[in-house]
Amino acid sequence: MTSPQRTLRLARLATFAYFGLNGFVLGMWVVHIPAIEQRAGISHDVLGRLLLVLGAGAFLGMRLAGPLADRFGARAVVPASGVLLGASLVLPGVATGAWALGAALLVLGFCNGCLDVSMNTHAVQVEHRYPRPIMSAFHAVFSLGGVLASLVGARTISWGWSVPATLTGMGAFGVLVALVIAPALLPRERGAGGAQDGVRADGDGGDGTGRRGRRPVPPRIWALALLAFMLMLCEGVANDWSALDLRDVLDAPASTAAFAYGAFATAMTVGRLLTDRVAGRIGSVAVVRSGAGLATVGLAAVALSPWIPLALAGWAVFGIGLSGTVPQLFSAAGHADREAAGANVSRVAGLGYLGMLAGPALIGALTRYVPLNAAFLVPVLLCAVAAAAARILRPRVDPVLTPGPHGSLPGNSAEQRPGGGTTVG
């Protein structure tokens, strides 16, 4: 019989695999955007609008998958979402017009949102059983999945593979991976299922009367969601405007400007690989406070720098600072209420995703009135606000929670580590 420790390790590896799969599938789409745009016969302007459709689909998927994960268990929703995401990768590759591509991106975004929230919900369940934080490493593997996609995509393009053939093959690979690793996921927890969007599994509406109904969402969850909105807005700014900053503000050549995003993305990945150990020592509140503070300094250096090397260093510092913040928010939301973990993660992730979409648009609008580097002072301010508000991650002590293996209550901090019935070294 499989030991609890082995079961937990396999579940952790399976969660890594789903995060990597998510990053890989999205990366395959991104790598082939130019070819897909040409095949569909659309302009850059139309493509920009269709990317909003992708975002809208992701938001809808996030809002649906959270309650479903609470009701049926992440073990059921994660593989189904992974299969659907792999299958949906085929659609953009065969789209031959704006409407067809829009429908394809709506489906792709929806399936991505479903997997995003459900795998984060499962990650919270795995982390709950570990004696230390492990959430940031999952997000780092998502980034590594995107790197793998860029390498695979570059190779298949050099071989002359068609877009439909490549995306069909990679989509089939994604479906296979999602099915093969599904048995390693954790079984549904007794007493943690059946809650849907604020409804207790026992039918209690939360008022002690036994009536079935919706519990109001705790203000702390909306505060976490607002922090996610601010921090992911800043991440979106880096994704879309970092290279343009060096090219347009500092007159860097295009080859040098590309290093701005490279510095940011590399620092984000490395930071996420290191954050869990740091969070285990100093706590999630300190991680978000110091990380957002460091991001404030980094982006302020970018905004004020007259030199290319300083700007590149600023983007790297900005990436290191942001790297561990959002995973801590997802973890805190998931641990806040075990019965509604999926719904709470979907709220935080959904609002955060809207922030990532809004960030580039906000900066673009501001550039009508101020230079690009001056527009960066808005996300600088948001990072500073997030640093000041980091204490919201500190869990409220709840006497009904069961202490973990170290005598601590569930919570992703040095003082209150994720607790559970199994300890893994």
Side-chain angles (χ1 to χ4, degrees), residues 18 20-65 79-117 142 145-179 236 239-241 243-244 254 258 261 350 353-354 356-358 360-361 364:
Y18 278 110
L21 175 63
N22 193 190
F24 178 78
V25 171
L26 289 184
M28 290 303 298
W29 144 249
V30 169
V31 167
H32 289 90
I33 284 178
I36 291 172
E37 180 187 44
Q38 183 178 13
R39 177 183 173 84
I42 59 176
S43 65
H44 293 333
D45 179 58
V46 173
L47 176 64
R49 297 175 188 175
L50 293 181
L51 291 177
L52 294 178
V53 175
L54 177 73
F59 181 77
L60 292 175
M62 290 176 180
R63 295 297 295 141
L64 176 66
S81 300
V83 168
L84 291 174
L85 180 62
S88 67
L89 181 61
V90 178
L91 300 179
V94 299
T96 55
W99 286 101
L101 183 56
L105 293 184
L106 181 66
V107 175
L108 179 66
F110 178 84
C111 296
N112 171 59
C114 289
L115 181 57
D116 192 318
V117 164
F142 174 89
V147 173
L148 177 61
S150 68
L151 297 175
V152 172
R155 176 55 62 185
T156 57
I157 291 171
S158 70
W159 286 341
W161 289 18
S162 69
V163 174
T166 301
L167 296 190
T168 298
M170 295 303 106
F173 170 75
V175 170
L176 180 63
V177 171
L179 290 173
N239 291 340
D240 285 22
W241 290 100
L244 288 172
Y261 177 71
Y353 195 81
L354 288 180
M356 183 172 286
L357 293 175

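Atom set for the values below is all heavy atoms of this structure, side chains included, hydrogens, waters and symmetry mates excluded. As the structure is a computational prediction, the values presented were derived from the model and not from experiment.
Closest of all the heavy-atom pairs between Val147 and Ser150 is O-OG, 2.5 Å. The two residues Tyr353 and Ala58 come nearest to each other via the heavy atoms CE2-CB, 3.7 Å.
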Using distance only, find each side-chain donor-acceptor pair of residues 81-93 under 3.5 Å and give its atom names and separation, not counting sequence neighbours.
from: Ser81; atom 1: OG; to: Val77; atom 2: O; distance (Å): 2.8
from: Ser88; atom 1: OG; to: Leu84; atom 2: O; distance (Å): 3.2
from: Ser88; atom 1: OG; to: Leu85; atom 2: O; distance (Å): 2.8

Please set out all donor-acceptor pairs under 3.5 angstrom arising from side-chain atoms of residues 24-33, sequence neighbours excluded.
from: His32; atom 1: ND1; to: Met28; atom 2: O; distance (Å): 2.8

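Within the structure, side-chain hydrogen bond (donor to acceptor under 3.5 Å, both in side chains) contacts touching residues 160-179 (residues at least two apart or in different chains) do not occur.
With sequence neighbours left out, the side-chain hydrogen bond (donor to acceptor under 3.5 Å, both in side chains) criterion links Arg155 to no other residue. Tyr261 pairs by the side-chain contact (heavy atoms from CB on, under 4.5 Å) definition with Asn239, Ser242, Phe264, Ala265, not counting sequence neighbours. With sequence neighbours excluded, the residues that form a side-chain contact (heavy atoms from CB on, under 4.5 Å) with Ala95 are Ala100, Leu101. Under the rule for a ring pair (Phe, Tyr, Trp, His ring centres under 6.0 Å), Trp99 has no partner lying at least two apart in sequence or in another chain.
Looking at Leu52, Ile36, Leu50 one by one, the single match for side-chain contact (heavy atoms from CB on, under 4.5 Å) with Leu105 turns out to be Leu50.
For the pair Leu115 and Cys111, the minimum side-chain heavy-atom distance is 4.5 Å or more.
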